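Everything below concerns the one structure shown next.
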Amino acid sequence: MKAADMLAFPSEREGLGTVMIEAICSGLPVVATHLPGITDWVIKEGVNGHLSELDQASFAEALSKAETLTGSRDRIASDARKLYGQGKMDQGYLAIFGTLLSVR
């Protein structure tokens with residue numbers, strides 16, 4: 001990912017979008033199709049990437065806009081690690097496990 005300028009993620013459906021999280025944690029801006037509940041919670045419009053409809057014109061426009069973010073790799077990575085870093089993800093998993101254990 002270090003050699004890339006951005007991640008293009010055109011998709012009709014996606015389970016979680018882990019590759020998007022990996023990309024922004026590496027500092028790459030991401031252009032992805034808008035998939036409610038998947039891409040819209042990872043991509044902060046104009047901050048770490050852009051969302052698009054799944055058509056050529058919209059996606060090409062989003063790619064062009066994302067070029068302005070390629071100089072912000074350090075900021076994108078730092079922001080992403082605060083939101084999606086291992087410590088934050090571990091806290092989330094522990095909360096889920098705690099909830100599951102309390103249901104017994």
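Since the model is a prediction, treat every value here as computed from it, not as a measurement.
- The hydrophobic cluster containing Phe9 also contains Met1, counting ILVMFWY residues as joined when their side-chain heavy atoms lie under 4.5 angstrom apart, directly or transitively.
- No side-chain heavy atom of Asn48 sits under 4.5 Å from any side-chain heavy atom of Leu69.
- Here the straight-line distance linking atom OG1 of Thr70 with atom CD1 of Ile76 works out to 8.5 Å at 0.5 Å rounding.
- Across every non-hydrogen atom of Gly49 and Ile43, the tightest pair is C-CG2, 3.6 Å.
- Here the CD-NE2 distance, from Glu45 to His34, works out to 9.5 Å after rounding to the nearest 0.5 Å.
- Thr39 contributes atom OG1, which lies 13.5 Å from atom NE2 of His50 (distance to the nearest 0.5 angstrom).
- Taking a 6.0 Å sphere around CG of Asp90, one finds it holds more than 12 heavy atoms contributed by other residues, nucleotides or ligands.
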Might you work through the side-chain contact (heavy atoms from CB on, under 4.5 Å) test for Arg75 and Val47, ending with a clear yes or no? CA-CA 9 Å; Arg75 181 195 47 78; Val47 176; 3.4 Å; yes

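- Minimum heavy-atom separation, Ala4 to Arg73: O-NH1, 2.6 Å.
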Name every donor-acceptor pair, under 3.5 Å, that has one atom in a side chain of residues 12-33 and the other anywhere in the protein, sequence neighbours excluded.
unit_1: Glu14; atom_1: OE2; unit_2: Gly17; atom_2: N; d: 3.4
unit_1: Ser26; atom_1: OG; unit_2: Glu22; atom_2: O; d: 3.0
unit_1: Thr33; atom_1: OG1; unit_2: Ser11; atom_2: N; d: 3.1
unit_1: Thr33; atom_1: OG1; unit_2: Ser11; atom_2: O; d: 2.5

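- In this structure, the side chain of Ser64 engages the main chain of Ala60 through a donor-acceptor pair within 3.5 Å.
- Closest approach of Ser58 and Ser52 over heavy atoms only: C-OG, 3.1 Å.
- Tracing side-chain contacts under 4.5 Å through hydrophobic residues (I, L, V, M, F, W, Y), one reaches Leu7 starting from Leu51; they form part of the same cluster.
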